[in-house]
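Before any comments, here is the structure.
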Amino acid sequence: MTTKHGRRPGRAWIAMLLVSLLALLVFPAPAQAASYVPIDGQGSTWDENAIDQWTADVAKYGMTVQFTGNGSSAGRTAFRGGLVDYAASDIPYGETDDGQTDPPPAQGSYAYIPIVAGGTAFMYHLTVGGKQVTNLRLSGQTLAKIFTGNLTMWNSAEIQAENPGIALPARQITPVVRTDGSGSSAQLTKWMSEEFPSMWNAYCKAAGRPVDNPCGATSFYPTEPGSDFISQSLDSGVAGYVAEPTSDGAITYTEYSYALQANYPVVQMLNADGYYTLPTASDDAVSLTQARINEDASNPATYLTQDLDAVYSDKDPRTYVLSSYSYLVIPLAATNTFSATKGATLSAFADFALCQGQQAMGQLGYSPLPINLVEAGFSQIKKVPGAVAQNINVSSCNNPTFSTSGVNLVVANAPQPPACAKSGPVQCAADGKTSIPGGSGGGSAATTGGSGGTTGGGAGTTGAGATASSGAGAGSAAGGNGDSSVVGSLGGGRQNGGGGSADGSSALNPDIVPTAVTLAADSESPVGNPLMIVAAGILFAAVFGPAVFWRIRRRHR
């Protein structure tokens with residue numbers, strides 16, 4: 001059928017179809033979804049909160065990454081036996097004892113990469129007059145005396161001298177240590193064995209270690225029979241014990257994120273410049289710029305492991321002495337259980353963890369890895385079988401501690417400690433910045449400030465009792481910048497969003513997947529979701545199609 005002008009009305013519908021096709025060109029279809037295969041890992045509970053965050057973040061890209069937090073020693077054993085595709089460990093192979101054998105896998109078959117940075121925090125439960133003490137500060141020597149049984153009362157002269165603003169109670173100190181093979185035990189004992197060797201070796205001897213075999217660093221914390229030490233398994237176990245209402249007087253060592261989750265304070269620790277600091281994201285990150293990687297391949301026992309001597313002695317007032325990082329143990333050779341396809345998934349996940357994944361670390365109680373450690377990780381990821389690594393580099397890395405041009409932002413932007421954090425006759429109150437010459441501690445865990453800083457703009461440091469959801473103590477409350485140290489002041493964190501999404505995981509590096517396989521589109525993106533594309537085309541046709549149709553009809557009447 002034709003109109004009186006001999007034109008078929010179907011041309012109008014053809015025009016509408018062209019408009020719809022135009023809409024699909026404006027909103028292009030997403031790339032083919034990635035063909036990732038599941039990978040599985042075990043290990044460090046110190047890392048567990050971070051890895052759980054990353055595995056949840058990458059799920060939206062079609063990546064299935066499993067992780068079981070069962071302790072560093074268990075993770076290393078499972079990796080050596082080929083039972084998992086990767087492991088997370090706070091210490092390398094060979095640093096365990098107590099009758100445990102821990103030989104490494106075959107030389108050249110594996111590598112360590114830095115993965116989670118943070119501070120070994122000393123979470124404590126202490127009240128004065130029914131109020132929780134939240135601004136306790138201790139030197140390294142005092143902490144070593146506590147964890148070797150040489151100080152047993154909270155009101156001892158040494159502790160009181162460091163805390164002139166707190167009327168300390170005559171209460172017994174209860175040290176809580178790990179029973180399982182723990183990386184946090186190894187970090188603490190490594191530090192004590194290097195900084196206070198006589199005290200540590202005397203304790204080991206009393207705990208039953210042979211005289212000719214001093215402890216050194218050990219992942220199995222020795223306890224003296226009949227002592228007042230309490231032993232618990234896993235980070236959640238020691239933190240959970242200290243947080244019990246009946247545990248007044250207890251103190252433990254754990255990853256800072258567990259204290260944040262429990263809403264409990266941690267000790268402000270004296271550094272080499274005479275300031276008491278907390279294991280905040282910024283203080284840890286500043287400290288770890290001094291970390292060194294042992295790159296002597298002729299010594300397999302120490303190759304690629306961390307050297308923290310310069311961290312312990314760093315004179316920067318912002319450093320936290322017991323800052324360290326843990327390892328991802330990754331395969332460098334294909335096996336019967338680890339294929340190149342798995343390697344492509346593992347390399348993509350590891351790249352995400354070192355870059356975009358670091359955006360959320362401050363809020364979780366960890367520290368973003370600084371550029372020196374990220375670059376060390378890149379060099380090893382590229383060796384994983386099947387890794388697509390041509391663009392794993394600084395310019396593609398959305399890490400909050402450095403710019404894409406490689407400028408280190410940590411030292412420039414990390415806040416200085418307040419004057420009251422300096423060792424002396426006054427100390428910071430619970431708000432983290434007010435100087436108090438005397439009086440009771442008190443305050444509540446929710447308002448802890450520790451070595452906190454100024455209000456606004458993320459300039460303060462993390463409050464010791466701040467919850468994981470509130471993010472940053474005094475600095476965050478006033479400035480609204482997420483973790484008020486590195487993630488807040490540099491932007492990009494969960495609360496501050498400078499390039500990160502609401503969950504701190506806006507995208508994977510699009511260049512780390514095989515050429516024939518591209519990343520799955522983010523289902524939250526209106527451009528990347530196929531249903532949204534179709535809907536956009538239909539909407540485009542519905543809005544503009546009738547106008548085109550009637551214009552054609554009027555033109556040819």
Pair Asp85, Leu346 - check side-chain contact (heavy atoms from CB on, under 4.5 Å), show working. CA-CA 8 Å; Asp85 303 308; Leu346 179 58; 5.6 Å; no
side-chain contact (heavy atoms from CB on, under 4.5 Å) between Leu369 and Leu354, intermediate numbers included: CA-CA 7 Å; Leu369 287 166; Leu354 290 177; 3.5 Å; yes
Using the side-chain contact (heavy atoms from CB on, under 4.5 Å) rule, take Ile115 and Trp54 through it: C-alpha gap first, then chi angles, then the decisive distance, then the call. CA-CA 11 Å; Ile115 195 68; Trp54 297 333; 3.7 Å; yes
Taking it one step at a time, do Phe378 and Ile113 satisfy side-chain contact (heavy atoms from CB on, under 4.5 Å)? CA-CA 8 Å; Phe378 284 162; Ile113 64 171; over 6 Å; no
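For Phe79, the ring-ring contact (aromatic ring centres under 6.0 Å, His included) criterion is met by no residue, not counting sequence neighbours. In this structure Tyr275 satisfies the ring-ring contact (aromatic ring centres under 6.0 Å, His included) test with no other residue, sequence neighbours excluded. Applying the ring-ring contact (aromatic ring centres under 6.0 Å, His included) rule to Tyr112 yields the partners Tyr110, Tyr327; only residues at least two apart in sequence or on another chain are considered. For the side chain to side chain donor-acceptor pair (under 3.5 Å) test, no residue two or more places apart in sequence or in another chain qualifies with Ser193. For Gln42, the side chain to side chain donor-acceptor pair (under 3.5 Å) partners are Asn70, not counting sequence neighbours. Every residue meeting the side chain to side chain contact (heavy atoms under 4.5 Å, CB included) condition with Gln290, not counting sequence neighbours, appears here in chain and number order: Arg292, Ala310, Val311, Asp314.
Taking 4.5 Å as the limit, every side-chain heavy atom of Leu373 sits out of range of all side-chain heavy atoms of Gln306. No side-chain heavy atom of Phe122 sits less than 4.5 Å from a side-chain heavy atom of Ile146. The closest side-chain heavy-atom distance from Leu322 to Leu188 is below 4.5 Å. Considering only heavy atoms from C-beta on, Asp102 comes within 4.5 Å of Arg80 through its side chain. Ser219 is not listed as a side-chain neighbour of Ser72, based on a closest heavy-atom distance of 4.5 Å or more. Using a 4.5 Å heavy-atom threshold, the side chains of Ile371 and Val394 count as touching. Contact of the Pro265 side chain with the Tyr124 side chain is registered, since non-hydrogen atoms from C-beta on lie closer than 4.5 Å. When side chains are defined from C-beta on, Thr120 does not count as touching Trp191, because their heavy atoms never get closer than 4.5 Å.
Aromatic pair Tyr258/Trp46: ring centres not closer than 6.0 Å.
Side chain of Ser367 to main chain of Ala117: no donor-acceptor pair is present (N/O by atom type, distance under 3.5 Å, no hydrogens or angles). In this structure a side-chain-to-backbone donor-acceptor pair under 3.5 Å is present from Ser339 to Lys342. No donor-acceptor distance shorter than 3.5 angstrom exists from the side chain of Ser423 to the backbone of Gly274, with no hydrogens or angles considered. Asp351 places no side-chain N or O within donor-acceptor distance of the main-chain N or O of Ile392, the cut-off being under 3.5 Å.
Interatomic distance, Asp40 CG to Thr64 OG1, rounded to the nearest 0.5 Å: 11.0 Å. The distance from atom CZ of Arg137 to atom OG1 of Thr142, rounded to the nearest 0.5 Å, is 11.5 Å. The OH atom of Tyr253 lies 8.0 Å from the OG1 atom of Thr189; values are rounded to the nearest 0.5 Å. Rounded to the nearest 0.5 Å, atoms CE (Met361) and OG (Ser257) are 9.0 Å apart. Considering CG of Asp90 and CG of Asp235, their distance stands at 7.5 Å, rounded to 0.5 Å. One distance of note links CG of Asn271 with OG of Ser139; it measures 11.5 Å at 0.5 Å rounding.
For the residue pair Ser396 / Asn393, a side-chain donor-acceptor distance below 3.5 Å is found, with atom types taken as modelled. Of the N and O atoms on the side chains of Asp180 and Ser182, not one donor lies less than 3.5 Å from an acceptor on the other residue. Using a 3.5 Å distance cut-off with no hydrogens or angles, the side chains of Ser89 and Arg76 do pair a donor with an acceptor. Of the N and O atoms on the side chains of Thr302 and Asn294, not one donor lies less than 3.5 Å from an acceptor on the other residue.
Using a 30° and 60° split on the angle between ring planes, Phe349 and Tyr86 fall in the tilted class, from 30° to 60°.
Salt bridge absent: Asp273 and Arg318 never bring a charged side-chain N and a carboxylate O closer than 4.0 Å.
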